[in-house]
Amino acid sequence: MSGEEKIFFQEAFDSNWIAPLGPQVDAFEKEVADYVGIEHTLALSSGTAALHLALEVLGVSSGDIVFCSDLTFVASANVIRYQGATPVFIDCNMVSWTMCPKALQKAMDQEQKPKAVIVTDLYGQSADYEAIYKICNAFKIPVISDAAEAFGADYKGKKCGGIGDINILSFNGNKIITTSGGGMMLSHNEEWIQKARKLATQSRENAVHYEHKMVGYNYRLSNLLAAVGRGQLKVLDDRVEKRRIIFETYKNALSNIDGIDFMPEADYGISNQWLTVCTVDPKKLGIDRNKIIHAMEKENIECRPIWKPMHLQPLFSGEKLYAIVETPNSDKLFRNGLCLPSGTNLSEEDQKKIINIIFTQLD
Ligand SMILES: *Cc1c(COP(=O)(O)O)cnc(C)c1O
């Protein structure tokens with residue numbers, strides 16, 4: 001927390017708006033819209049809720065296909081199942097670890113046309129939207145940008161969370177800024193946001209009594225949590241700067257080691273470096289990723305493998321994956337990928353300790 005949150009939180013208390021709506025929610029929606037550079041925003045209880053409503057708004061239902069990044073967090077794909085639709089996974093490329101446009105093109109040529117494409121901005125790095133739009137526009141297929149991990153990042157001078165036809169952000173406790181739990185849907189299309197707003201409030205019709213024509217959800221963000229979000233928003237750019245320094249420090253210390261490679265930063269954007277992620281090649285290094293994780297564990301330091309690709313999840317066994325290489329890139333990355341401690345409150349001293357543990361393992 002930055003300290004600023006308390007001021008807005010007190011405001012929320014004083015106004016007695018202790019509800020999933022209120023002045024803090026309205027202000028938070030407007031401030032995020034201004035930051036991202038997009039007209040319409042809807043504050044929600046989670047990023048997952050935002051993804052779910054994105055599919056609802058686009059009319060995705062059973063029998064439909066939705067393309068989805070293979071290397072992502074499970075929330076991106078779970079929502080496809082909520083709708084009874086079928087996911088088709090698209091491999092990543094090695095230059096950005098985000099959706100491979102060539103694999104997307106291959107799926108578009110060979111597969112039933114999808115109702116939407118869900119593209120993840122991975123670990124704070126934007127996908128290559130120009131290349132993706134070139135393919136999707138040819139068939140007028142909407143792009144949902146899952147920017148949950150990439151708030152504060154850029155793609156060609158535009159903010160992530162404002163590039164897709166529908167965009168989602170997350171303010172979960174592990175993200176670069178947080179409301180403890182929360183999310184947002186963002187779009188240039190006012191009609192979609194209005195529709196989602198109604199769905200998120202139990203699809204209540206405009207009447208004095210409680211009138212409902214369709215199924216709805218209880219997905220709005222609490223006014224108290226929106227107050228926290230407003231305070232956090234003030235330090236978003238500082239957080240990005242800090243995470244980028246953490247990334248640079250790891251990179252300077254470790255990238256000369258033959259066998260450790262960092263997730264490349266694509267030249268089209270600026271990553272928020274939400275997590276510093278690298279691969280550990282056991283053939284070159286003599287030790288594998290898991291050995292480093294265990295060594296850290298002994299020192300009470302948490303390290304984890306990168307996301308397990310969706311096509312390898314038991315939940316999605318039997319679903320298709322499109323890749324342009326024999327062994328999918330996501331498999332290769334998952335085998336050796338390691339997330340290093342990257343919290344904004346990581347001290348220089350602690351980071352030195354982490355780096356030293358890695359060096360000790362190499363001896
Ligand atoms: C965190 C995350 C989500 C889900 O956000 P919640 O607010 O936790 O529901 C979705 N997609 C990706 C890529 C994420 O990292």
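Numbering of ligands and ligand atoms starts at 1, following listing order. Side chains included, hydrogens not; waters and symmetry mates left out as well; all remaining heavy atoms used.
- For Tyr219, the ring-ring contact (aromatic ring centres under 6.0 Å, His included) partners at least two apart in sequence or on another chain are His52, Tyr217.
- Both Leu51 and Met185 belong to a single network of hydrophobic side chains, linked directly or stepwise wherever heavy atoms of I, L, V, M, F, W or Y lie under 4.5 Å apart.
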Quick one: table the atom pairs, ligand 1 N or O against protein N or O, below 3.5 Å, distance rounded to 0.1 Å.
{"from": "ligand 1", "atom 1": "5 (O)", "to": "Ser170", "atom 2": "OG", "distance (Å)": "3.3"}
{"from": "ligand 1", "atom 1": "7 (O)", "to": "Gly47", "atom 2": "N", "distance (Å)": "2.7"}
{"from": "ligand 1", "atom 1": "7 (O)", "to": "Ser170", "atom 2": "OG", "distance (Å)": "2.7"}
{"from": "ligand 1", "atom 1": "9 (O)", "to": "Gly47", "atom 2": "N", "distance (Å)": "3.3"}
{"from": "ligand 1", "atom 1": "9 (O)", "to": "Thr48", "atom 2": "N", "distance (Å)": "2.9"}
{"from": "ligand 1", "atom 1": "9 (O)", "to": "Thr48", "atom 2": "OG1", "distance (Å)": "2.5"}
{"from": "ligand 1", "atom 1": "11 (N)", "to": "Asp146", "atom 2": "OD1", "distance (Å)": "3.2"}
{"from": "ligand 1", "atom 1": "11 (N)", "to": "Asp146", "atom 2": "OD2", "distance (Å)": "2.7"}
{"from": "ligand 1", "atom 1": "15 (O)", "to": "Glu149", "atom 2": "OE2", "distance (Å)": "2.6"}
{"from": "ligand 1", "atom 1": "15 (O)", "to": "Lys175", "atom 2": "NZ", "distance (Å)": "3.4"}

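- Between the side chain of Tyr268 and the backbone N or O of Ser126 there is at least one donor-acceptor pair closer than 3.5 Å.
- With sequence neighbours excluded, no residue forms a ring-ring contact (aromatic ring centres under 6.0 Å, His included) with Phe359.
- Checked against ring-ring contact (aromatic ring centres under 6.0 Å, His included), Phe334 has no partners two or more places apart in sequence or in another chain.
- Judged by distance alone, with hydrogens and angles left aside, the side-chain atoms of Asp91 form a donor-acceptor pair with the main-chain N or O of Ser330 at under 3.5 Å.
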